[in-house]
Amino acid sequence: MPELPEVETVRRSLLPVVLGRPISKVEVLTERIVQNRSIAEFQGLLTGASFEDLHRRGKYLIFSVGEWELVAHLRMTGRLIYYSSSTIPRAKHTSAVFSFHSGDELRFEDVRKFGTLDLVPKGDYASIKGLHSLGVEPISPEFTAELLWELCRGRQAKIKALLLDQTKIAGLGNIYADESLFAAGIHPERSSASLTEAECHRLHRAIREVLEEAIAHQGTTFRDYRTGFGQEGAFQNRLQIYGKKGEACPRCGVNLAHKKVAGRTSHFCPACQREQP
DNA sequence: AAAACCGCCTGTCGGC
DNA sequence: TGCCGACAGGCGGTTT
């Protein structure tokens with residue numbers, strides 16, 4: 001599923017092909033994708049305009065369009081893919097299509113239709129609760145080991161739940177939360193408050209290293225995720241534990257375990273990640 | 001305040 | 001073979 005590395009990969013792949021191109025037509029095939037605005041208004045404000053820049057915040061993609069911003073979230077199965085020609089057949093679950101004058105297109109495809117598009121005045125995220133309340137960017141200088149320590153202090157929530165809480169740290173999902181906890185040797189059910197300062201330092205470093213390496217390999221394609229060019233990522237080949245229940249731990253050889261933690265299937269090594277340290 | 005649960009959707013998979 | 005429930009997991013909303 002698209003988490004920070006996947007969304008960042010989509011951003012980087014789309015940057016060279018969608019900026020500064022006048023939009024000739026906006027089609028919305030799945031109406032529920034457009035939030036807080038009528039389809040007609042959405043189309044009217046974007047038609048004739050151009051995307052001037054493309055940013056990412058957490059798992060959100062933010063296209064600059066004049067005095068407006070188009071905010072996209074892929075949720076579970078969304079894809080934003082650039083097609084060099086409108087004659088390329090559309091995928092079955094195409095939700096929206098932005099056509100450029102030159103005949104190429106940016107398409108939002110989404111099997112499960114959870115993805116969203118918001119058009120808001122630049123910087124006005126009050127209507128997008130998730131974006132408005134987003135926590136620190138984990139690959140920014142503001143995310144320090146000390147900040148992670150502060151986030152954990154006094155919180156009884158399981159560390160896995162805290163890592164998935166977008167209002168604390170922006171962009172981690174199930175895959176990278178599990179991979180980071182494994183890299184740091186921390187059990188997902190440990191209470192956040194029980195982490196030592198040294199463990200927070202290890203976890204901080206693990207989060208940054210896992211995310212950076214995943215970005216370097218264009219993200220993880222399990223099923224649905226594709227880059228902005230429709231290609232699969234490669235980080236699935238470098239995952240240490242995610243989706244590997246019953247296989248041997250790459251570090252110690254013990255069979256990997258899995259169980260529901262904070263409502264999500266969680267993978268961990270019962271030997272390398274002790275519940276009681 | 002925080003955690004647990006549900007709804008939103010569709011495709012896939014395992015069991016019978 | 002086909003049917004059926006469980007499951008996948010991000011997020012908003014509601015309940016506990």
Side-chain angles (χ1 to χ4, degrees), chain A residues 1-10 28-37 56-62 71-80 90-96 108-118 120 125-135 137-138 150-181 188-194 211 214 219-226 232-233 235-236 239 241-246 258-268:
Chain A
M1 310 297 140
E3 304 178 28
L4 188 154
E6 289 74 35
V7 178
E8 177 62 19
T9 301
V10 171
V28 178
L29 300 102
T30 303
E31 299 204 354
R32 70 194 308 278
I33 194 176
V34 176
Q35 313 280 301
N36 301 319
R37 200 169 291 280
R56 180 194 55 77
R57 184 80 173 86
K59 301 172 193 170
Y60 290 87
L61 280 170
I62 304 172
V71 180
H73 197 303
L74 304 174
R75 286 294 205 277
M76 307 285 290
T77 58
R79 299 169 168 177
L80 268 171
R90 287 181 184 176
K92 181 180 175 186
H93 298 289
T94 302
S95 292
F108 195 123
E109 303 169 354
D110 191 359
V111 167
R112 290 172 71 175
K113 308 186 199 311
F114 292 169
T116 58
L117 290 172
D118 268 287
V120 299
Y125 304 138
S127 63
I128 311 173
K129 208 176 169 190
L131 178 55
H132 193 61
S133 61
L134 217 48
E137 271 300 314
E150 289 296 324
L151 289 172
C152 288
R153 263 171 58 186
R155 292 187 193 277
Q156 289 311 303
K158 291 165 182 164
I159 186 61
K160 171 81 182 263
L162 186 138
L163 293 184
L164 293 175
D165 184 345
Q166 302 299 300
T167 71
K168 305 289 192 301
I169 303 171
L172 288 176
N174 207 30
I175 296 173
Y176 299 110
D178 279 4
E179 291 289 318
S180 298
L181 287 167
E189 290 185 289
R190 291 270 305 281
S191 87
S192 305
S194 77
L211 293 177
T220 301
T221 297
F222 252 65
R223 177 180 306 280
D224 299 288
Y225 160 70
R226 294 292 186 278
E232 296 188 359
F235 195 70
Q236 62 276 13
L239 293 173
I241 57 159
Y242 187 85
K244 298 183 185 294
K245 64 176 179 182
H258 76 115
K259 69 184 293 192
K260 285 256 186 208
V261 179
R264 312 275 168 66
T265 302
S266 300
H267 309 73
F268 59 96

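For clarity, every value in this text was computed on a predicted model and none was experimentally measured. What's counted below: heavy atoms across the whole structure, side chains too, no hydrogens, waters or symmetry copies. To find a chain, count down the sequence lines: A is the first, B the second, and so on, and within it residues start at 1.
Looking at residues two or more places apart in sequence or on another chain, you find a side chain to side chain donor-acceptor pair (under 3.5 Å) between A:Glu137 and A:Arg56, A:Arg57. In this structure A:Tyr242 satisfies the ring pair (Phe, Tyr, Trp, His ring centres under 6.0 Å) test together with A:Phe222, A:His267, sequence neighbours excluded. Residues satisfying the salt bridge (Lys or Arg N to Asp or Glu O under 4.0 Å) test with A:Glu179, not counting sequence neighbours, are none. Partners of A:Asp165 under the side chain to side chain donor-acceptor pair (under 3.5 Å) rule, at least two apart in sequence or in another chain, are A:Thr167, A:Lys168. With sequence neighbours excluded, no residue forms a side chain to side chain donor-acceptor pair (under 3.5 Å) with A:Lys59. Looking at residues two or more places apart in sequence or on another chain, you find a side chain to side chain donor-acceptor pair (under 3.5 Å) between A:Ser266 and A:Lys160. For A:Phe268, the ring pair (Phe, Tyr, Trp, His ring centres under 6.0 Å) criterion is met by A:His187, not counting sequence neighbours. A:Arg153 pairs by the salt bridge (Lys or Arg N to Asp or Glu O under 4.0 Å) definition with A:Glu150, not counting sequence neighbours.
Atom C1' of B:dA1 sits at a distance of 22 Å from the matching atom of C:dG10, rounded to the whole Å. With P as the reference atom, B:dG14 and C:dG9 are 15 Å apart, rounded to whole Å.
Taking atom OH of A:Tyr176 as the reference point, atom C1' of C:dG10 lies 15 Å away to the nearest angstrom. Taking atom CD1 of A:Ile169 as the reference point, atom P of C:dG10 lies 14 Å away to the nearest angstrom. Between A:Tyr242 atom OH and C:dA8 atom P there is a gap of 8 Å when expressed in whole angstrom units. One can place CG of A:Leu131 at 10 Å from P of C:dG12, the figure rounded to the nearest angstrom. For A:Leu164 and B:dA2, the CG to C1' distance is 15 Å, given to the nearest whole Å. A:Asp118 places its CG atom 13 Å from the C1' atom of C:dC11, with the value rounded to the nearest Å. Put simply, CZ on A:Arg264 is 14 Å from C1' on C:dC7, counting in whole angstrom units. In this structure, A:Asp165 atom CG and C:dC11 atom P are separated by 10 Å, rounded to whole Å.
A:Met1 comes within 4.0 angstrom of sugar-phosphate atoms only, judged by non-hydrogen atoms across all strands, and of no base. Within the 4.0 angstrom heavy-atom criterion, only backbone atoms of the sugar-phosphate kind lie near A:Thr265; the bases stay farther away.
The shortest side-chain heavy-atom distance between A:Tyr225 and A:Thr9 falls under the 4.5 Å cut-off. Within the 4.5 Å cutoff, no side-chain heavy atoms of A:Ile33 are placed close to those of A:Lys113.
Comparing B:dA4, C:dG12, C:dG9 by their closest approach to the side chain of A:Met76 singles out C:dG9.
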Original post:
Could you walk me through whether A:Glu6 and A:Tyr176 pass the side chain to side chain donor-acceptor pair (under 3.5 Å) check?
Top reply: CA-CA 11 Å; A:Glu6 289 74 35; A:Tyr176 299 110; 2.5 Å; yes

Original post:
Going 5' to 3' along nucleotides 7-15 of chain B, which nucleotides have protein heavy atoms under 4.0 Å from the base (write B), which only from the sugar-phosphate (write S), and which from neither (write -)?
Top reply: -BBBSS---

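Taking 4.0 angstrom as the limit, A:Gln166 places none of its side-chain polar atoms (N or O) nearer than this to OP1 or OP2 of C:dG10. Contact check, A:His73 against C:dC11: a side-chain N or O comes under 4.0 Å of OP1 or OP2.
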Original post:
Pairing of DNA chain C as dot-bracket, 5' to 3': ( ) intra-strand, [ ] crossing, | other strand, . unpaired, with Watson-Crick or G-U pairs under 3.5 Å?
Top reply: .|||||||.|||||||

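Judged as a salt bridge (Lys or Arg N to Asp or Glu O under 4.0 Å), the pairs with a partner in residues 259-268 of chain A (not counting sequence neighbours) are, in order, A:Glu189-A:Lys259.
The 5' end of DNA chain C is approached more closely, in terms of each residue's nearest nucleotide, by A:Lys260 than by the other of A:Lys59 and A:Lys260.
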Hey, what are the protein-to-nucleotides 13-16 of chain C N/O distances that come in under 3.5 Å?
none

